[in-house]
Every structure is written in C-alpha cells, then in structure tokens.
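Taking it in order: structure first as structure tokens, then the write-up.
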Amino acid sequence: MKEYKYKINGNIYKVAVGDIDDNIAQVEVNGVPYKVELERSKAAAVKSVAPRPAAAPRTASGEKVISKPAAAGPGAAVKAPLPGVVLSIPVKVGDTVKAADTVVVLEAMKMENAIHAGTDGRVASIAVNAGDSVLEGAVLITIE
C-alpha cells in the first residue's frame, strides 16, 4: 500500500491506497477502509512517437561514410572544430571570402555551428559535401 498525508481545511488525513481492481480502489483514510470507484476514461491516451533518426549512410562494403582528416595542401585549411554533419556550404570554388565569412554550416549535438573562413582569400577547394559526417580536424575547405 502507498501511504500519503493530506491536509484539508487544517485537518490531517492519513490515506493508504491499496490494490485497484476494475476501477475499484481499496483506500484507507485514518484507519477506516473504503472502496472507491475510479472514473473510467473514455479513450486511452494516444502516445505520439517521435520518428527515429535515419541511420548513417554506409558504403557498399558496409562502412560508415565519414570524412577523415586529410593532409593539408597548399593554402589555409578550414578544419572541423568538432565532429558533426555538414548541413550546407554557402561558398563555391573560386569565391573570394573574408576571415569572418561563414564557409560551412556544421550540425553537432543538435546545434548548427557556423564555421568561418579564418583568413581572407579565395576558395581553392571544397573537400566535403552537404550531408557528409566529419570528424574533428577534418579539412572542410582550403583557402588560398
């Protein structure tokens, strides 16, 4: 039995709730037993289930598609500061960028992170595509 203490209009009541069979609960209030009929609900509450996230993409051999850190070529490499998924790349090869310009939007821990160029220059190459999973330190873009 679960026991509760209630204070109603300054009076203290000790209530113990016992078994519940077919909407009839065995209740004891200050030592006096009662049979309490519970109201039946008309319809069971429908639980909404959130859709499960899709599985990470895999290669033909079954390995996960993850861009690994690559050796940096000539120019300044913009690297992923944390692991995540590339949402968008608002620049293209040949674009001129300033240090504060956003060159990649990376989703990590359910947050969108704007990755900035870090240096002025021209986009020499883009090493990832939208939807790619990247590890921390992976080269995203090279700027000359």
Side-chain angles (χ1 to χ4, degrees), residues 1-29 34-144:
M1 286 188 132
K2 290 192 177 190
E3 295 186 13
Y4 304 94
K5 287 186 180 181
Y6 293 103
K7 188 173 190 178
I8 302 172
N9 294 330
N11 298 323
I12 296 177
Y13 296 92
K14 292 180 184 176
V15 178
V17 179
D19 295 330
I20 300 174
D21 295 320
D22 292 333
N23 285 358
I24 303 291
Q26 303 295 326
V27 179
E28 190 174 296
V29 180
Y34 295 95
K35 289 186 179 182
V36 178
E37 184 176 352
L38 303 173
E39 182 179 338
R40 290 187 185 255
S41 60
K42 293 186 184 193
V46 177
K47 253 188 177 179
S48 65
V49 178
R52 296 182 81 157
R58 296 187 180 265
T59 62
S61 64
E63 295 178 20
K64 291 183 180 179
V65 178
I66 296 179
S67 297
K68 296 185 178 169
V78 177
K79 297 182 179 183
L82 65 166
V85 177
V86 177
L87 290 181
S88 66
I89 305 167
V91 296
K92 55 187 180 287
V93 175
D95 286 355
T96 303
V97 294
K98 298 284 185 188
D101 290 350
T102 299
V103 293
V104 174
V105 177
L106 186 69
E107 178 185 13
M109 298 180 285
K110 298 185 180 185
M111 303 258 318
E112 289 185 12
N113 300 285
I115 311 301
H116 301 288
T119 183
D120 293 347
R122 185 182 62 83
V123 177
S125 66
I126 300 174
V128 294
N129 295 310
D132 287 355
S133 294
V134 294
L135 297 175
E136 181 178 353
V139 175
L140 305 172
I141 292 180
T142 305
I143 300 175
E144 295 179 328

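Basis for what follows: all heavy atoms, side chains included, without hydrogens, waters or symmetry-related copies.
For residues 97-115, no pair satisfies salt bridge (Lys or Arg N to Asp or Glu O under 4.0 Å), with sequence neighbours left out.
For E144, the salt bridge (charged side-chain N to carboxylate O under 4.0 Å, His left out) test picks out R122, with sequence neighbours left out. By the side chain to side chain contact (heavy atoms under 4.5 Å, CB included) test, A130 is found to be paired with no residue, residues two or more places apart in sequence or in another chain being considered.
Summarising the geometry of I143 relative to D120, their closest heavy-atom pair is CG2-O, 4.2 Å, with the distance given to 0.1 Å. P83 and A108 get closest at one heavy-atom pair: O-CB, 3.3 Å. Residue I115 comes nearest to K79 through the heavy atom pair CG2-O, 4.4 Å, listed as atom of the first residue, atom of the second, then distance. The shortest non-hydrogen separation linking S125 to V93 is CA-CG2, 4.2 Å. Residues K92 and V123 come closest through the heavy atom pair O-CB, 3.6 Å.
To the nearest 0.5 Å, the span separating OH on Y34 from CD on E28 amounts to 10.0 Å. To the nearest 0.5 Å, atoms CD1 (I141) and CD1 (I126) are separated by 5.0 Å. A distance of 4.5 Å separates CD1 in I24 from CD in E37, rounded to the nearest 0.5 Å. In this structure, CD1 in I89 is found 10.5 Å from CG in L106, a value given to the nearest 0.5 Å.
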Side chain to side chain contact (heavy atoms under 4.5 Å, CB included) between V104 and V78, worked out: CA-CA 9 Å; V104 174; V78 177; 5.7 Å; no

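With contacts defined as side-chain heavy-atom distances shorter than 4.5 Å, the pair L140/V134 qualifies. The shortest distance between side-chain heavy atoms of V86 and N129 does not fall below 4.5 Å.
Residue D22 places its CG atom among 12 or fewer non-hydrogen atoms of other residues, nucleotides or ligands, all under 6.0 Å distant.
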